[in-house]
Each structure stands twice: as C-alpha cells, then as structure tokens.
Number of protein chains: 2
Amino acid sequence: MPGKRDGKTGLCRRQESVQTMDRPASGGRNGRVTIREVAEDAGVSVAAVSKVLRDAYGVSDVMEAKVRASIAKLDYRPHTAARAMRGQTYTIGVLLADVKNPFFPQVIDGIDDGLAGTQYVPFFGIGHGSTSMEKAIVHAMVDRQMDGLIMIGQRMTDAEVEATARQAAITVIGHHAPQATLFDSANNDDERGGTLVVEHLIAQGYKRPAMITLRRADLGQADVSQRREAGFVSGMRAAGFDDSAIRIAAAADDIDDVTATVRMLLEGPNPPDAIFGWADYYALEVLSAVRALGLRVPEDIGVIGYDNSPPCAYTQNDLTSIDQSGREIGRNAARLMLERIAGRKTAEHFVVQPRVAVRNSTALRNS
Amino acid sequence: MPGKRDGKTGLCRRQESVQTMDRPASGGRNGRVTIREVAEDAGVSVAAVSKVLRDAYGVSDVMEAKVRASIAKLDYRPHTAARAMRGQTYTIGVLLADVKNPFFPQVIDGIDDGLAGTQYVPFFGIGHGSTSMEKAIVHAMVDRQMDGLIMIGQRMTDAEVEATARQAAITVIGHHAPQATLFDSANNDDERGGTLVVEHLIAQGYKRPAMITLRRADLGQADVSQRREAGFVSGMRAAGFDDSAIRIAAAADDIDDVTATVRMLLEGPNPPDAIFGWADYYALEVLSAVRALGLRVPEDIGVIGYDNSPPCAYTQNDLTSIDQSGREIGRNAARLMLERIAGRKTAEHFVVQPRVAVRNSTALRNS
DNA sequence: TGTTCTACGTTTATCGTTCTACAAAATCGC
DNA sequence: GCGATTTTGTAGAACGATAAACGTAGAACA
C-alpha cells in the first residue's frame, strides 16, 4: 500500500460517503461549460457549435451569431484535451535548448508576433543543453498532441528530427538542414556571419584573430557553431592566413572552462589580439576573462560576439556582435509552422543575412 | 481498418484543395500504440495496464512485470490528451513573467530538480511582462487541463489567482500572499532583503543610498518590488535617515527609462552615492548608465542588485547582489505543487532568508 | 464450516470534442 | 415548375484513456 496512490477502490464497506463538493486540484471537470451546454443555450446542435469554433464550412450568419452570443454569455472555452482526441490542440511546442542564452528572447518575441491573431498558443520546453532532455521534451510534446514543434538551437540529429516530423509539423531554428524535406528551418547565414567577423576584425586593424567555440561531443555540421567556424576559417584564408595560423579553441558551456581557455590562449605562444566568441553568451564570458587578466578592451585585445543580444549594448560590455535578426527569424519560423499545419507538404528554408553591429569592443584603429 | 481517415468533408471554403491522405502535421493518431494493444500483447485487460501506468492499487508483481514488458516491447507512450479527459495530464504549467530576467533560470533549475523522478513534465508560458498575456496563458494552461500551475513573478491579483486555484493547484513564486489559503507560495524574504541592502551599503561607508524600482500601474503590496521597497525604507529609517531623505525612483521596464532615471537622480540636487536596483536586470542597466556618465564604480557610486544571478559574477559587472537562493525556491515550489496535487488542502508558504553576495561594485571602504 | 476480508482483475460508462454521413431546405438552370 | 445542385443543419460514432462497480478466489477469522 505504501507508495500506491488511491488506497480506496470500491472496497470501503461504509459506502455511504457524502459526495463532497470540494474538487481537489486534479482531474475532473470543474463546472466547466461544455460545448453541449452552449448548443443547448443557442438552440442548435453540438456539431453546429463545433463548426463555428473551427471556422468551418456550412455556417449561416444567423447561426454563427447565435452561437457566438451563447459562447460569450456562458464564457465557454473549448476543452483542449478533448479537442486533442479528435482534432488539433492549437498548441505549438517550442523547444529551447537552454534558457540562459540572451539571444533566444528575441526569437521568442518573433514567434509571438507570428502567432498573434491565431488560435495557436506556444508552450515552451527547456532542454538545459542536454540532448537526452531535448528528446524527452519532444516526446512529451508529441504525447500531448501538439500541432507543431519549433526547436531553437537543439542538437538532435537530422534523422531524429525527421522521425518526429512524421508526428508533428516541425521548424528548426539554429540548425542548418537545407536538404531536409520533412521539416522547415529558419536561420541566418551563419557561415557568412563567421566570415563577416574576420573581415571586420581585419578592417579594424587586428592581426591575429582567434575563435572560441562550443565544445560538445555531439555536434554535427548542421550546428550553428560549426557553420560559424567554417565561415571563420574561410574568412581567415581569404585574408591570407596560413591554416596553421587559424586558431579555434573549444570550451565547454561553462564560465570556468571559457575563462581557462581564454587564459590558455593569451598566455600561450603567439597570443591572439582579438577573440571571437561563437555566441554572445560566450563572448560576454570572454570579456569577463580578459578583464580579469587586466587587459584593456579594445586596445590590448578585441572581442566580438554573435547574436547582438541586448546585453551587448550595456556600457560595461559594449560588445561588437553579429546581428542575425532574431525577431525576424522567429517570425518566419512561426509563419512556416502555420503554413505546414495548414497543409504545405514541401520544405522551405528561410535564411536571413547577418550584419555587423559595431561597438567599442573592436574599436582598435588601423595603425 | 486503416480505412479512410480524412475524406475531409468536401467542405472547404473553396474547392481548390485536393486533400492528400497522409496528414502528418495535425490530428489523428500516427500509428501510435494504444493501451489496448498493450493489453492484448500482455494478455490482460486495459484496466490492468492503466493501473500499472498510474501505479495504482491492485496490481500483482507478475502482472506488472508482464505489462511493463509489453510497454517496453511496443514502445508504448500514454496519450496525454486521452488521459486528460478522465484523469491527470502529468503536466505542470509554469508561467514566466518574462524570459529576459536572468534570475529565472535558477528557479527553473530548481523546479526541474523537484520534478525529477516523477512523471510530471513542466511546460512554460511566457508573459512578456503583460498582465493580460499572463491571464491568457493561465487560461490556456487550464484549458489544457494541466494539473498544476507555478507562476513566477506574475502580477495578477490575489483574487484572480484564487479563482484559478479552483481549477488547478497553484504555487506562486515572487509574490507574497501569506494569508492565502487556496494556493501555496515560495519566496525569499524580500522585505528583509531590502533592509540588508541598506545595512550593507551603510557598512561599506556609503552615505546617500537611493533605490530604483519598477514602475507599473498594477503593482500591489504582494509584489516583490514593493516588499523590497518596504524593506529599503525601514532599513533607511533604522539607519537614522529622515523620510524626506529616502529616495525611491521608479522606472519602466526598459533600458532607456532606467538610464534616464539614473541621470535624473545623479544630475539632480544632492545626488545619491549608491544605487540599489530592485532586481539584477535593473541593476545591470544602472551599471551601464553610470558608466556611460563616466562615473567610477565603486568609488564615485556604489551599485547593488537583487537576485545574485550569473551575470553579477562577470568581471565587467562585478555586481554585489542579494542572493535569494533561486534554486532552493524552485525546488520547494515543485515540492509544494506535488503535495497539493497529492491532496494537501491547507496552504503552505515557504520563505528562505536572503543574504548579501559581496562583490566589487560596493567596495567603497569606510573613510 | 461458514463468514468476512483482502487482493487482484475485468467490464463498461464516460470525459468533450471533431467529423463523416446524411437529411432538409434553399437556390439555380432551363 | 421541376430536377439538380448547393447550402445549412443534425445525429452519432469515434478518439484513448480512467475509474467506478463488480466478480472471484483464497486467506484469515470465528
């Protein structure tokens, strides 16, 4: 018995139990108005109300008016779980790889923009940077019959995403899969962005740029950090650097490791004079590390990030960054999602061009 | 059998659309394994499977083993929507007042801790600082039969929360309602925290502390910013300040307004020598503003925040802050929630004591 | 020995929607 | 004015779980 819920089935001898009214928090309807009551009140059939709700075909203006009046009068709200049994849930699951990344709020704003005025509501799952947690969340979303999933910065493989795509519409953000046919994507051109970084640093007069990127075992070529690395490399080559002079250090997603990696770079032989953090939240930690070493930014060392998230603008950061129009990306992701749900069967991959948002952290002038 | 799903009622508004047979995106089961198939495979009744699933009373070990084997073999996952019709959804809705606040991730980690090992999954709704949006999200959560709601930093009135509490178990975080009986809460002692700020600043030698707080029309006494203000005021009084010397300026949740407010304070008569931002994300903007004015921190002006969120530790911020043990709060909120769902009927209000996390931004020494 | 209790398992009604199939009414074409 | 459509509306079967009610067999008790 211990550990089991609900010790009483029909076993109680004294069955006279008074039907208490108090509804515990869980289960059971709470005097919720149902579609049946609305139908009764409006003097039409249940099916008619359902049609009005879904904006379906075959509803006269007069009937619609009656039904809407009753809905308003009774303050009826459709029971989403019941809907899910037959139709849609009008719910979009959004998987956030983590909640600390200051870039994501912009994307979320964009998603909200794109969903505004529809019946769809976004709910968020937070992956905490763990692939297994991401998978669990995706499962939980599918179990809940969500109509579509938007995944931001997730690290699942394309195959895993495609498997899920058979159960719900999917749009990925921060993951390049231009060849994918079963799901859509919305991104900026991360490779171009990586190259922009080099071009900007060189133009500012820096001579020895290095990059700090994300260290993870499970990254594939589709990952944004890898694309940015690729762009960085080709930019460096184009600027005349020998491959042996192109330095990319990897650090775990953890301030201590980022700090240690920065130290290693700066205290080693031939230290860089500018560091590119693959994302703002890395670059902000790079700033912290170089300041802790007593270096001046931008004179002793330039720092540049990626995302152009709000903290970049703070005076104490004043961080140059690559703007990837997060809000625009979010807006388009929502649009793609709605189109998929509406029936589009072919894949679409939205890409926006990045640009440099110049601030003081790379303000070294050509000497 | 696989019969004709989706003849799709020839009812489309315009008859242009040719409905294809497979609709991955919306509705309909996708070859999902059902409880019935599990029952058949295991050679027991569906009720038996259901009992195993719910860990309910009346299951022999041998039957449980059989059922679990079949579940594993068929990779069965319960259909949450179907469960919601009769029982629970095993879903906890978490309302985040906004995503930008760097304090919330800690709380979320705590919630995850508290939910780990249970069947419950948290899903997040994001309020973007708008009360109407908060209400919409709460509605959406209730519509989806979520078993409980944890609200972080929301601004709804107690009456509104209590109305919702009749439909789902509720725990609030960042909102003081010690008298509430229908829902639980988990907080730090914000009033004490406000006083701690004054005590710390005075001990460091600052002479004229001021506070910058949140300006909103709809704040009540239950709100954390108000509690912190109250603590600040009583701390100042205890330190011997006359009421006329206690300055609390309000700024909208917006970097430009915070910057303008800081300017106004510092360029006005009798400027403060230390500023307390009611939350870290305000204090970080205060730091930005004072640096933009060319002031040195901590010599010319001390700055202190509240929450002790990760960015405080960055060298460029090095921000003293009040630690309110967010993770602990989150953990307890989850615990309270699970207890409520399990049937607790009396309210419980968890409070943790705040403490000062000293850093360089208030390092002025007694002269 | 008969009665009660307990443990375990099944049958079946039910939750609130959607959507197919069908009927009735209105409109159209000629 | 009459058949052929189109429009508007309804009835009722799912959807996949939960849980109340009940059956049965054996153990414990008297």
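Throughout, protein chains are lettered first and strands after them, A, B, ... in sequence-line order, and every chain is numbered starting at 1.
Distances from the side chain of Ala48(A) to the nucleotides dT18(C), dA17(D), dT10(D) place dT10(D) closest. Of all nucleotides listed (dT17(C), dT8(D), dA17(D)), dA17(D) comes nearest to the side chain of Tyr76(B). Taking only side-chain atoms of Arg54(B), from C-beta outward, the nucleotide of dT18(D), dA17(D), dT18(C) with the closest atom is dT18(D). In this structure, the nucleotide among dT14(C), dC8(C), dT17(C) sitting nearest to the side chain of Arg36(A) is dT17(C). Nearest to the side-chain atoms of Ile35(A) among the listed nucleotides dT10(D), dT18(C), dA7(C) stands dT18(C). When distances run from any side-chain atom of Ala47(A) to the nucleotides dT17(C), dT18(D), dG12(D), the shortest one goes to dG12(D). When distances are taken from the side chain of Met85(B) to each of dT17(C), dG9(C), dG16(D), the shortest belongs to dG16(D). Closest to the Ser60(B) side chain, of the nucleotides dC8(C), dT18(D), dG9(D), is dC8(C).
If you check every strand for non-hydrogen atoms under 4.0 Å, Ser50(A) touches a base. Val44(A) comes within 4.0 angstrom of the backbone, heavy atoms only, and of no base.
Note: CZ (Arg144(B)) to P (dA17(D)) measures 20 Å, nearest angstrom. Atom pair Leu53(A):CG and dT17(C):C1' shows a separation of 9 Å (rounding to whole Å applied). Atom CZ of Arg86(B) is separated from atom P of dA20(D) by 8 Å (rounded to the nearest Å). With rounding to whole Å, Tyr90(A) atom OH is found 12 Å from dT17(C) atom P.
Taking 4.5 Å as the limit, some side-chain heavy atom of Thr118(A) sits within range of a side-chain heavy atom of Leu338(A).
Under 4.0 Å is where a charged nitrogen must lie from a carboxylate oxygen, and between Arg155(B) and Glu134(B) no such pair does.
By the neighbour-count criterion of 12 heavy atoms within 6.0 Å, atom CD of Glu40(B) is sparsely surrounded, having that number or fewer from other residues, nucleotides or ligands.
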